[in-house]
Amino acid sequence: MSGVETFRNLQSEATEWRRYLHENPELEFRLDNTARFVAEKLASFGINHIETGIAETGIIALIQGESGDGPTIGLRADMDALPILEASNKPWSSRVLGKMHACGHDGHTAMLLAAAKYLAQARKFKGCVALIFQPAEEVELPSGGLKMVQAGIMERFNISQVFGMHNAPGIDVGKFATCHGPMLASQDDFDLVVKGKGGHAAAPHRAVDPVVIAAQIILGLQTVVSRNTDPTDALVISVTKLKAALAYNVIPDRVEMAGTVRTLVPRLRDFAEQQISAVAEGIARGFGAEVEFKYLRSVPVTFNHSEETNLAIKAARALVGFDFVDDKLRGRMGAEDFAYMLEARPGAIIYVGNGSTASLHHPAYDFNDDALPYGIGYWVKLVETVMGA
Ligand code: NI
């Protein structure tokens with residue numbers, strides 16, 4: 001088995017890039033330095049078709065195989081950091097106060113760069129590889145993945161399949177995990193305002209107290225999942241924000257609430273919207289109050305397509321062996337904006353083990369550089385699996 005050893009000689013260089021990106025995090029679409037760094041590296045590998053400035057700071061680079069006859073597949077990495085104050089205490093900690101790579105997108109970028117370097121030299125495939133470096137994965141509405149799709153990258157570069165990879169703390173380095181179908185949840189958010197009638201807290205009978213009504217609504221919403229949803233379908237409704245009066249002795253006019261809805265079942269998004277609205281309105285009306293309800297659709301379900309998932313599993317097993325690839329991962333309720341690319345084209349995302357690092361989005365998180373050769377190797381094996389010469 002030609003396993004991961006082939007890719008170890010790229011590890012020190014990829015580590016250097018990863019740590020440079022880690023020291024210099026940028027947020028959202030404002031990735032000028034990161035994008036410049038990526039484009040310069042790609043050019044230094046002899047890749048001459050590089051398009052920058054897509055969805056502001058996104059990049060597409062094309063590598064032609066030794067025979068141009070074949071499909072174009074998209075390999076995607078995200079490049080943005082998070083507004084978190086780093087506490088990893090690593091020598092390569094963020095130099096920018098309040099910004100850090102806490103989701104490992106520095107590692108994702110470095111792995112795709114190193115794979116690009118390898119593929120641009122070897123070119124042992126038929127067709128074309130489109131490297132997709134996207135901004136603003138962590139942004140809600142509209143995020144970088146959606147904007148790249150809206151910018152027409154799939155059509156313009158003739159991409160027929162797309163593949164993604166994310167690091168996973170808690171999975172051993174050297175292991176991979178994925179699944180067919182829904183792997184990550186959709187993310188929708190909602191705002192709910194309960195409009196009552198304010199008054200003195202000592203005279204509640206002369207008011208319509210929105211605080212008590214909001215409390216009933218919060219409890220009522222718990223039954224949408226437990227009483228109205230098929231127990232084998234994954235749905236989460238969490239109320240996360242609550243804003244009422246600012247004084248001990250005041251019944252406010254209104255209470256503002258907000259929350260999030262996650263599901264692995266796309267049709268439950270419509271259902272949750274209707275049911276949250278119905279429960280809130282019904283309860284409020286019963287107590288003489290009104291509600292204002294807004295449901296905000298964000299990232300769709302990250303859905304792995306069957307054929308492409310099989311290719312991803314095959315590629316990972318070609319790298320690390322059969323037993324080190326879990327092909328039956330349980331869906332997770334986090335969200336991932338690669339979902340937009342999977343809506344536009346068939347494809348699959350896979351987790352690469354990141355070992356015992358802190359969890360994603362934690363201030364002490366740092367991408368595990370030991371995972372780099374596995375991620376690099378996966379991309380190369382995937383290209384060879386899908387379009388091997
Ligand atoms: Ni991430």
Side-chain angles (χ1 to χ4, degrees), residues 1-8 10-11 14 42 45 47 60-67 70-78 107-134 154 157-168 171 173-180 183 302-322 324-327 329 336 338 341-342 345-353 371-389:
M1 181 178 54
S2 65
V4 76
E5 296 313 316
T6 321
F7 306 100
R8 290 225 187 266
L10 287 160
Q11 184 170 355
L42 292 170
F45 307 152
I47 298 172
I60 302 270
L62 303 180
I63 305 174
Q64 296 291 345
E66 59 186 12
S67 153
T72 298
I73 67 165
L75 312 182
R76 171 271 204 174
D78 40 14
H108 302 167
T109 301
M111 290 190 292
L112 191 55
L113 276 177
K117 183 175 182 180
Y118 183 99
L119 290 167
Q121 278 166 8
R123 298 190 192 253
K124 280 200 184 113
F125 57 93
K126 293 178 194 157
C128 180
V129 172
L131 308 157
I132 305 170
F133 291 92
Q134 75 153 83
M154 301 302 172
F157 299 98
N158 222 353
I159 296 168
S160 57
Q161 291 167 306
V162 281
F163 295 89
M165 172 163 42
H166 204 291
N167 76 94
I171 296 177
V173 169
K175 292 186 177 174
F176 290 84
T178 187
C179 64
H180 287 85
M183 178 150 144
T302 299
F303 190 93
N304 280 342
H305 300 249
S306 180
E307 189 186 320
E308 288 72 21
T309 309
N310 286 335
L311 291 166
I313 294 165
K314 195 174 166 195
R317 284 188 169 147
L319 184 73
V320 294
F322 188 93
F324 292 91
V325 180
D326 176 4
D327 60 356
L329 184 78
E336 158 66 67
F338 185 60
M341 296 192 188
L342 291 176
R345 289 293 183 270
I349 189 167
I350 197 164
Y351 281 140
V352 56
L372 291 167
Y374 293 94
I376 300 163
Y378 169 73
W379 285 133
V380 173
K381 292 288 178 194
L382 183 69
V383 170
E384 291 173 354
T385 302
V386 180
M387 343 192 255

Quick check for you: to the nearest 0.5 Å, what is the distance between [X] atom [atom1] and [Y] atom [atom2]?
{"X": "L119", "Y": "I63", "atom1": "CG", "atom2": "CD1", "answer": "5.0 Å"}
{"X": "F157", "Y": "I60", "atom1": "CZ", "atom2": "CD1", "answer": "5.0 Å"}
{"X": "I73", "Y": "L382", "atom1": "CD1", "atom2": "CG", "answer": "5.0 Å"}
{"X": "I350", "Y": "I313", "atom1": "CD1", "atom2": "CD1", "answer": "7.0 Å"}
{"X": "L131", "Y": "L112", "atom1": "CG", "atom2": "CG", "answer": "5.0 Å"}

TODO: Would you sort out whether E308 and V386 count as a side-chain contact (heavy atoms from CB on, under 4.5 Å), showing the intermediate values?
DONE: CA-CA 9 Å; E308 288 72 21; V386 180; over 6 Å; no
With a 4.5 Å cut-off on side-chain heavy atoms, are [Y] and [X] touching?
{"X": "F303", "Y": "M183", "result": "no"}
{"X": "L329", "Y": "Y351", "result": "yes"}
{"X": "M154", "Y": "V162", "result": "yes"}
{"X": "N167", "Y": "H108", "result": "yes"}
{"X": "F125", "Y": "E384", "result": "no"}
{"X": "L311", "Y": "Q161", "result": "yes"}
{"X": "R345", "Y": "M341", "result": "no"}

- [ ] Using the side-chain contact (heavy atoms from CB on, under 4.5 Å) rule, take F45 and L113 through it: C-alpha gap first, then chi angles, then the decisive distance, then the call.
- [x] CA-CA 9 Å; F45 307 152; L113 276 177; 4.2 Å; yes
Open item on the list: Tell me whether E336 is salt-bridged to R76, with the criterion being a basic N under 4.0 Å from an acidic carboxylate O.
Closed with: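 A salt bridge links E336 with R76.
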Do [X] side-chain atoms and [Y] backbone N/O form a donor-acceptor pair below 3.5 Å?
{"X": "R123", "Y": "A120", "value": "yes"}
{"X": "H305", "Y": "L342", "value": "yes"}
{"X": "S160", "Y": "T72", "value": "yes"}
{"X": "H180", "Y": "T309", "value": "no"}
{"X": "T109", "Y": "D78", "value": "yes"}

Open item on the list: Tell me if the centroids of the rings in F176 and F324 come within less than 6.0 Å of each other.
Closed with: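 No, the ring centres sit 6.0 Å or more apart.
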TODO: Report the C-alpha separation of Q11 and I376 in whole Å, then their side-chain angles, then the decisive distance to 0.1 Å, and conclude whether the side-chain contact (heavy atoms from CB on, under 4.5 Å) test is met.
DONE: CA-CA 9 Å; Q11 184 170 355; I376 300 163; 5.9 Å; no
- [ ] Could you pull out the closest heavy-atom pair between G164 and F338, with the gap in Å?
- [x]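 For G164 and F338, the tightest heavy-atom pair comes out as N-CZ, 3.3 Å.
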Open item on the list: Using 30° and 60° as the class boundaries, would you call the ring planes of F7 and Y118 parallel, tilted or perpendicular?
Closed with: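 Correct class here is tilted.
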- [ ] Mind checking side-chain hydrogen bond (donor to acceptor under 3.5 Å, both in side chains) for N304 and listing every partner two or more places apart, or none if nothing turns up?
- [x]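 For N304, the residues satisfying side-chain hydrogen bond (donor to acceptor under 3.5 Å, both in side chains) (neighbours in sequence not counted) are T178.
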